[in-house]
Number of protein chains: 2
Amino acid sequence: MDQLSATFAALADPTRRAILARLTEGPATVKELSEPFAISGPAISKHLRVLEKAGLITRGREAQWRPCQLDATPLKEVAVWAENYRRFWDASYARLDELLTEMKETD
Amino acid sequence: MDQLSATFAALADPTRRAILARLTEGPATVKELSEPFAISGPAISKHLRVLEKAGLITRGREAQWRPCQLDATPLKEVAVWAENYRRFWDASYARLDELLTEMKETD
DNA sequence: CTCGTACCTAACCACTTGGTTATCTAACCT
DNA sequence: AGGTTAGATAACCAAGTGGTTAGGTACGAG
């Protein structure tokens with residue numbers, strides 16, 4: 001799977017987005033990350049593996065803890081991709097686009 | 001499923017992103033959209049339904065054609081969401097962030 | 001009216017996903 | 001050495017996904 005698809009897929013889950021949001025406040029252990037959620041440890045482990053494979057987090061090793069840290073670089077690609085559609089969600093740009101199309105047709 | 005999750009899930013497929021890219025050039029029929037891909041019609045229909053449920057396209061009715069049109073408004077939410085992480089992928093911001101954390105700790 | 005075209009639905013298949021419980025390893029603390 | 005804690009792995013399950021083929025509907029053309 002390509003990088004962008006993996007990133008989008010990883011972000012398509014509210015739990016994983018909440019984990020990323022938590023990690024903006026700094027590194028955290030698996031236990032800390034799991035506390036806000038009413039799901040089991042293994043479920044969190046799976047989410048973390050998805051995030052790790054998408055390159056959105058990195059994991060260290062400190063005694064019996066495996067601290068997670070945010071790596072937002074894949075999100076840059078997401079932002080760039082979305083920005084390419086800005087003129088299509090901005091109404092004024094959309095109207096300008098229509099106008100340009102008309103002008104091209106009646107040229 | 002929440003709007004943002006639905007949007008990310010819809011975008012997590014290269015075929016669907018290619019369809020959106022094609023629709024930036026203007027409306028298209030299902031047939032036209034399916035042409036670049038080596039997959040069956042029903043497969044395209046399923047992709048279009050995913051995009052429609054995510055609010056990324058709208059579909060009309062013209063004789064035997066069902067023209068698809070891009071609706072990029074959900075992408076605005078994606079762009080806004082990603083922008084919140086800008087300071088984490090921009091190295092200079094990251095260093096600034098570290099500095100601020102240090103300052104807070106040694107306060 | 002009949003034929004071809006555009007598109008959808010239904011049924012099916014292999015694979016993935018998000019969750020579970022149970023079991024294991026590794027490290028720390030008495 | 002024994003017990004507790006952090007975490008991963010394995011095996012399982014229900015539901016979803018991306019694809020298929022077969023068959024149905026709706027419309028335009030001859």
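Numbered from 1 within each chain, the chains take letters A, B, ... in sequence-line order.
Residue A/R61 is classed as having no contact, given no heavy-atom separation below 4.0 Å to the nucleic acid. The residue A/A43 sits close to a base: some heavy atom pair falls under 4.0 Å.
Ring geometry, B/F8 versus A/F8: the interplanar angle falls from 30° to 60°, so the pair is classed tilted.
No side-chain heavy atom of A/D71 sits under 4.5 Å from any side-chain heavy atom of B/F88.
Checking D/dA8, C/dT20, D/dG19 against the side-chain heavy atoms of B/I39 singles out D/dG19 as nearest. Side-chain atoms of A/R66 lie closest to D/dG7 of the nucleotides D/dC12, D/dG7, C/dA6. Nearest to the side chain of A/R49, among D/dT9, D/dG7, C/dC28, sits D/dT9. Nearest to the side-chain atoms of B/P42 among the listed nucleotides C/dT9, D/dA6, D/dA8 stands C/dT9. Listed nucleotides: D/dG7, D/dC12, D/dG18. Nearest to the side chain of B/H47: D/dG18.
Rounded to an integer number of Å, the gap from CG of B/L11 to P of D/dG18 is 12 Å. Between the P atom of D/dG7 and the CZ atom of A/R59 lies a distance of 9 Å, rounded to the nearest Å. Rounding to whole angstrom units, CD1 of residue B/I44 and P of C/dT9 are separated by 15 Å.
The only member of A/L11, A/L20, A/T7, A/L70 that meets side chain to side chain contact (heavy atoms under 4.5 Å, CB included) when paired with A/L51 is A/L20.
Side-chain atoms of A/Q3 do not come within 3.5 Å of backbone N or O of A/P74 as any donor-acceptor pair.
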